[in-house]
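Structure, as structure tokens:
Within every chain, numbering begins at 1; the chains are lettered A, B, ... in the order of the sequence lines, protein sequences first and strands thereafter.
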Number of protein chains: 2
Amino acid sequence: MTGKTASDPDPQRAQRADAQRNRARILDAARTVVDEQGTQASLRDIARRAGVGMGTFYRHFPTRDALLQTLLCQGFDRLSVKADSLAAAAAPEEALMEWLRDFTAGSTAYRGLAASMMTTLSDESSPLHASCLAMREAGARLLKRAQDAGRIRADVDGTDLFALVNAVSWIAEQAPSVAARREHLFSLVMDGLTRRP
Amino acid sequence: MTGKTASDPDPQRAQRADAQRNRARILDAARTVVDEQGTQASLRDIARRAGVGMGTFYRHFPTRDALLQTLLCQGFDRLSVKADSLAAAAAPEEALMEWLRDFTAGSTAYRGLAASMMTTLSDESSPLHASCLAMREAGARLLKRAQDAGRIRADVDGTDLFALVNAVSWIAEQAPSVAARREHLFSLVMDGLTRRP
DNA sequence: ACCTGAACACCGTTCAAGT
DNA sequence: ACCTGAACACCGTTCAAGT
């Protein structure tokens with residue numbers, strides 16, 4: 001125990017008021033710019049729009065992934081939770097499909113997101129690594145359940161499924177003509193994984 | 001008719017000796033650097049390695065696509081020809097699969113190639129547009145043939161097939177763990193397109 | 001005709017100097 | 001503690017000056 005009393009704010013969270021405000025401004029700007037330019041958005045543009053020096057930007061978010069984490073982490077965690085509640089509530093195949101629908105909607109929220117997820121999954125030092133991996137594992141449990149029920153091919157694992165779904169999301173970003181057929185491509189792939197009676 | 005005689009070299013092809021040598025050097029360097037860095041390789045690096053000024057580089061290849069064209073066009077054309085000869089020689093499904101095998105091998109030759117092909121297909125001003133489109137159309141004819149023979153789902157078109165195959169090639173570039181499963185992902189997708197008896 | 005390399009407008013990242 | 005903005009090393013692209 002130190003001299004710290006109950007009324008002291010948590011030292012880990014204590015921040016000067018201007019620092020807190022700058023952080024919020026950066027995040028606001030980031031949401032806008034990433035929305036426009038995708039996950040590879042210019043960090044300078046974000047700092048500029050936030051009205052903040054580059055040093056301030058880097059002090060708050062030392063890497064691009066640190067910034068993306070605060071934008072994406074919530075969504076990843078939400079999908080992890082949703083997978084588990086679907087596992088308890090819905091039929092195996094329907095649960096998986098419903099989850100994938102939700103996942104795909106999220107993965108097309110920002111341009112470049114599918115690519116960022118793949119990068120973050122193979123980079124253990126990324127602050128997004130853990131939550132993205134947890135989300136994939138949660139999806140993998142839904143997959144396993146559908147496989148055990150005999151509804152999905154047995155020779156597919158969570159990595160395969162995640163890769164295929166991200167591959168479709170990515171390709172849809174590459175050309176408007178493909179984007180228009182995204183749902184169709186998605187169902188072609190999922191039909192292929194489904195065991196027909 | 002102008003004063004041009006038969007012994008004049010083709011004025012369109014006439015080039016000073018140093019220009020011809022520089023062009024060859026740039027292409028040599030490009031092959032090496034694109035091999036190392038992918039289709040998004042630094043153009044400066046290529047010019048440097050070729051021992052040539054930036055102006056010279058741009059004089060010979062005014063855009064990145066103009067450079068890629070000379071590296072990739074032959075391969076595209078070869079695959080177009082191969083599609084037509086397979087259509088004449090092999091059973092519909094086998095012909096399609098053999099062609100896709102060949103196509104995939106080519107599309108993984110350089111990192112970023114799948115992305116470049118998608119870009120070039122939606123950019124009519126790209127010098128690669130025509131030959132890439134021709135290749136896709138040649139593949140589409142093999143697809144149609146296999147569909148007419150009842151071996152492939154009827155609700156797939158050449159754009160879908162091309163998109164799916166490129167999506168798998170791209171995803172395999174994103175992580176070594178996925179690269180190791182590339183063949184498996186490819187067969188999952190193709191199985192899905194195949195009509196089972 | 002062709003080549004060169006500096007110049008320009010951008011990046012991401014770091015860091016000395018300020019408050 | 002935190003902020004600023006210049007500095008550095010890159011990039012793609014253009015262009016005046018040379019031969």
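Between the C1' atom of C/dC11 and the CZ atom of A/F57 lies a distance of 13 Å, rounded to the nearest Å. Rounded to an integer number of Å, the gap from CZ of A/R16 to C1' of D/dT4 is 13 Å. Rounded to whole Å, atom P of D/dC11 lies 17 Å from atom CD of A/Q40. One interatomic measurement links the two molecules: CZ of B/F61 to P of D/dG12, which rounds to 15 Å at whole-angstrom precision. Between A/R25 atom CZ and D/dC3 atom P the separation is 11 Å, expressed in whole Å.
With respect to the salt-bridge test (charged N to carboxylate O, under 4.0 angstrom), the residues B/R31 and B/D35 do not qualify. Under the 4.0 Å criterion applied to side-chain N and carboxylate O atoms, B/R21 and B/D18 are not assigned as salt-bridge partners.
Atom CD in B/E93 sits 5.5 Å away from atom CD1 in B/I152 (nearest 0.5 Å).
For A/F76, there are no ring-ring contact (aromatic ring centres under 6.0 Å, His included) partners, not counting sequence neighbours.
Here C/dA1 is the nucleotide among D/dG12, C/dA1, C/dG12 with the atom lying nearest to any side-chain atom of B/R59. Side-chain proximity of B/Y58 to the nucleotides C/dC11, C/dC3, D/dG12 is greatest for D/dG12. Minimum atom distance to the side chain of B/D45 is reached by D/dC11, of the listed D/dC11, D/dC3, C/dG12. Taking the side chain of B/A19 as heavy atoms from C-beta on, and the options C/dC11, C/dG12, C/dC3, the nearest nucleotide is C/dC3. Distance from the side chain of B/H60 is smallest for C/dC3 among the nucleotides C/dC11, D/dC11, C/dC3.
The closest side-chain heavy-atom distance from A/L27 to A/L67 is below 4.5 Å. Looking at B/L86 and B/D102, their side chains never come closer than 4.5 Å, going by heavy atoms from C-beta outward.
The side chain of A/S42 contributes an N or O atom lying less than 4.0 Å from OP1 or OP2 of C/dG12. Regarding contacts with the backbone of C/dC2, every side-chain N or O of B/N22 stays at 4.0 angstrom or more from both OP1 and OP2.
In the model, B/N166 has no side-chain atom that pairs as donor or acceptor with a side-chain atom of B/S107 under 3.5 Å. One side chain, B/S126 or B/D65, offers a donor N or O that lies under 3.5 Å from an acceptor on the other.
Across all strands, B/A41 comes closer than 4.0 Å only to sugar-phosphate atoms, never to a base (heavy-atom distances). Using a 4.0 Å heavy-atom criterion, one finds that B/R21 contacts no nucleic acid atom at all. Within the 4.0 angstrom heavy-atom criterion, no nucleotide atom of any strand lies near B/R23.
Within a 6.0 Å radius of CD in A/E137, other residues, nucleotides and ligands contribute more than 12 heavy atoms. Atom CD of B/E94 sits in a crowded spot, with more than 12 heavy atoms from other residues, nucleotides or ligands closer than 6.0 Å.
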**OP:** Taking Watson-Crick and G-U wobble pairs with both distances under 3.5 Å, convert DNA chain D into its dot-bracket string, 5' to 3', dots for unpaired and | for cross-strand pairs.
**Re:** ||.|||||...|||||.||
Contact list (N/O, under 3.5 angstrom) for nucleotides 5-9 of chain C vs protein:
from	atom 1	to	atom 2	distance (Å)
C/dG5	O6	B/G55	N	2.9
C/dA7	N6	B/R44	NH2	3.3

